[in-house]
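Since the structure is predicted, the reported quantities are computational estimates derived from the model, not experimental observations. Per chain, numbering begins at 1; letters A, B, ... match sequence-line order.
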There are 2 protein chains.
Amino acid sequence: MPKLGMEPLRRRQLIEATIEAIHDRGMNGVTMGDIARRADVSPALAHHYFGSKDELLNATLRHLLAEFALEIRHRLRGTPAPRDRIKAVIDGSFGAEQFRPAVISAWLAFYMQSLHDAAAARLLSIYLKRLETNLRHDLKALMPAQEAATAARGIAAMIDGLWLRAALPTLHSSPEAAIALVDDYLAGVIARHGR
Amino acid sequence: MPKLGMEPLRRRQLIEATIEAIHDRGMNGVTMGDIARRADVSPALAHHYFGSKDELLNATLRHLLAEFALEIRHRLRGTPAPRDRIKAVIDGSFGAEQFRPAVISAWLAFYMQSLHDAAAARLLSIYLKRLETNLRHDLKALMPAQEAATAARGIAAMIDGLWLRAALPTLHSSPEAAIALVDDYLAGVIARHGR
DNA sequence: TAGCTTTAATTGACTGATCAATCAATAACC
DNA sequence: GGTTATTGATTGATCAGTCAATTAAAGCTA
């Protein structure tokens with residue numbers, strides 16, 4: 001069996017399995033056995049590649065951040081118009097990958113973790129601040145700085161709220177509806193404060 | 001020690017202790033020992049009054065819902081003007097009790113639980129829908145039904161998002177700032193669609 | 001190219017710790 | 001004497017982490 005170069009593949013598999021496992025066991029309820037079963041390997045292998053459960057969970061959180069940042073960056077590249085850039089951030093936030101139930105669960109677990117884990121809190125708040133900064137920067141091209149700052153916070157909060165509600169299966173919300181709501185908010189802000 | 005009538009007191013103590021314990025151990029990471037220590041009783045007593053860890057956690061979730069519903073109902077009582085009623089819902093959502101870090105943590109844990117626990121999901125979505133219905137009903141007095149429905153979803157989402165962000169200590173957001181943001185959104189919607 | 005060595009990949013079996021749940025015992029009240 | 005409150009001790013299960021053993025590929029040598 002031992003083909004060489006398995007490490008990157010296994011790491012990816014195990015991280016993906018961790019996301020799925022968190023989805024239906026919760027951040028702390030998840031066991032190395034759960035994860036390993038989903039990745040079709042032995043629990044020992046997870047320890048072999050990640051050293052400990054904590055490191056595997058951390059790697060998973062960092063993976064979420066990286067994927068999201070990549071998605072946004074990809075959409076922003078080659079998009080110079082402020083209004084389009086704002087739209088790109090909104091669309092990216094509700095992109096297919098971010099809307100997967102298991103991914104939303106993992107993000108929620110990440111928030112939960114941040115409440116009592118300083119390292120996770122630092123990572124998460126960096127991402128949140130960068131998102132807001134991006135929005136504020138482009139909004140400033142459309143309206144006075146004061147209003148831009150307020151609108152950035154409002155849009156960021158609304159995105160998080162819609163995404164939180166999307167996590168609940170019983171509310172069956174669609175990405176399209178979420179995008180429409182934020183777009184509407186943005187249009188209103190521009191109508192009132194835009195120049 | 002055994003004075004009679006300890007049961008209601010102990011139940012309250014244990015539920016409060018559970019909220020605190022969830023705050024710094026996470027929903028699944030919390031142990032009966034953690035909870036009991038915080039309530040200054042033995043783990044066995046928690047089992048005596050709640051039967052199992054699951055039942056204690058369920059009781060805690062139901063406590064959160066009940067407290068929140070009570071707070072909103074209290075603020076709505078004797079408030080007939082639609083605009084004031086909407087404000088009451090917003091203010092209630094960011095009231096002192098709901099802004100306690102431990103309470104926000106417990107709410108987050110509740111959301112997390114809802115992802116893989118149908119009973120919790122049912123409870124939570126009932127509360128979310130009722131909140132939105134309340135908002136929509138009063139908004140309809142101020143604008144056409146279509147716009148009222150959209151605004152209700154937007155306000156509800158923004159409240160959840162702001163509250164989610166308030167959970168992060170590093171973002172140090174205040175209830176006043178959150179209220180101001182939602183008020184601003186509401187004012188904009190009324191300015192555009194109000195009659 | 002046939003053998004020999006090294007190294008990566010992988011696992012089953014084991015260990016020690018933790019924890020939910022049980023229960024019998026004790027203590028104070030009526 | 002009966003009831004409520006409370007606990008310490010115990011048990012059985014679960015789980016993270018370790019380790020020695022196994023497999024197979026890759027590299028080396030003559």
Side-chain angles (χ1 to χ4, degrees), chain A residues 1-62 106 109 112-113 116-117 119-120, chain B residues 1-62 106 109 112-113 116-117 119-120:
Chain A
M1 277 195 221
K3 301 167 199 163
L4 292 208
M6 282 285 105
E7 178 155 356
L9 173 65
R10 292 296 186 219
R11 292 182 81 97
R12 218 169 304 214
Q13 269 179 9
L14 283 164
I15 285 175
E16 182 56 37
T18 303
I19 291 174
E20 299 284 341
I22 286 176
H23 178 52
D24 52 50
R25 312 292 266 220
M27 177 69 125
N28 285 282
V30 80
T31 72
M32 291 301 257
D34 283 335
I35 296 170
R37 196 170 335 110
R38 265 167 240 267
D40 267 318
V41 295
S42 74
L45 195 68
H47 275 100
H48 175 66
Y49 283 124
F50 287 94
S52 74
K53 187 182 172 185
D54 262 1
E55 265 191 64
L56 173 51
L57 290 175
N58 275 353
T60 303
L61 302 189
R62 273 182 273 112
M112 195 74 210
Q113 183 80 352
H116 53 96
D117 175 344
Chain B
M1 276 195 217
K3 302 165 200 162
L4 292 208
M6 282 285 104
E7 178 153 358
L9 173 64
R10 291 297 185 218
R11 291 183 81 97
R12 218 169 303 215
Q13 268 178 9
L14 283 164
I15 285 175
E16 182 57 36
T18 302
I19 292 174
E20 299 286 341
I22 286 176
H23 179 51
D24 50 49
R25 312 291 267 220
M27 177 69 124
N28 285 283
V30 80
T31 73
M32 290 301 259
D34 283 334
I35 296 170
R37 197 171 334 109
R38 265 166 240 267
D40 266 319
V41 295
S42 75
L45 196 67
H47 275 99
H48 177 250
Y49 283 124
F50 287 93
S52 74
K53 188 183 172 185
D54 262 1
E55 265 191 63
L56 173 52
L57 291 175
N58 275 353
T60 303
L61 301 189
R62 273 182 273 113
M112 194 74 211
Q113 182 79 353
H116 53 96
D117 175 343

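- Among the nucleotides D:dT6, D:dG17, C:dA20, the one closest to any side-chain atom of A:Lys53 is D:dG17.
- A 4.5 Å side-chain heavy-atom check between B:Met27 and B:Val30 finds every atom pair outside the cut-off.
- Rounded to an integer number of Å, the gap from B:Leu57 CG to C:dC19 C1' is 14 Å.
- Rounded to whole angstrom, the span from the CG atom of B:Leu45 across to the C1' atom of C:dA21 amounts to 14 Å.
- Under the 4.5 Å side-chain criterion, counting only non-hydrogen atoms from C-beta, A:Phe50 is in contact with A:Ile15.
- Which of C:dT11, C:dT10, D:dG17 sits closest to the side chain of A:Ser52 comes down to D:dG17.
- In terms of position on DNA chain D, the residue among A:Val30 and B:His48 whose nearest nucleotide sits closer to the 5' end is B:His48.
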From CA spacing to verdict: salt bridge (charged side-chain N to carboxylate O under 4.0 Å, His left out), B:Glu7, B:Arg11: CA-CA 6 Å; B:Glu7 178 153 358; B:Arg11 291 183 81 97; 3.5 Å; yes

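- The phosphate of D:dT6 (OP1 or OP2) has a side-chain N or O of B:Tyr49 nearer than 4.0 angstrom.
- Per the geometry, CG belonging to A:Asp54 stands 14 Å off C1' belonging to D:dC15, to the nearest Å.
- Here the nucleotide nearest the side chain of A:His47, chosen from D:dG17, D:dT6, C:dT10, is D:dG17.
- Within the 4.0 angstrom heavy-atom criterion, no nucleotide atom of any strand lies near B:Phe50.
- The B:Ser42 side chain lies nearest to D:dT7 when the options are C:dA9, D:dG17, D:dT7.
- In terms of heavy-atom proximity, B:Leu14 sits nearest to B:Ala39 at CD2-CB, 3.8 Å.
- The CG atom of B:Asn28 sits 19 Å away from the P atom of C:dT18 (whole-angstrom rounding).
- The CE atom of B:Met32 sits 14 Å away from the C1' atom of D:dT7 (whole-angstrom rounding).
- Not one side-chain nitrogen or oxygen of B:Arg10 sits closer than 4.0 Å to the OP1 or OP2 atom of D:dT4.
- With rounding to the nearest 0.5 angstrom, the CG atom of A:Asp117 is 6.5 Å from the CG atom of A:Asn58.
- Residue B:Glu7 contributes atom CD, which lies 14 Å from atom C1' of D:dT3 at whole-angstrom precision.
- Rounded to an integer number of Å, the gap from A:Glu55 CD to D:dT18 P is 11 Å.
- Of all nucleotides listed (C:dA9, D:dC19, C:dC23), D:dC19 comes nearest to the side chain of A:Ala44.
- Checking C:dT10, D:dG17, D:dA5 against every side-chain atom of B:Met6, the shortest atom distance belongs to D:dA5.
- Here the P atom of nucleotide C:dA8 and the CG atom of A:Leu9 are 17 Å apart, to the nearest Å.
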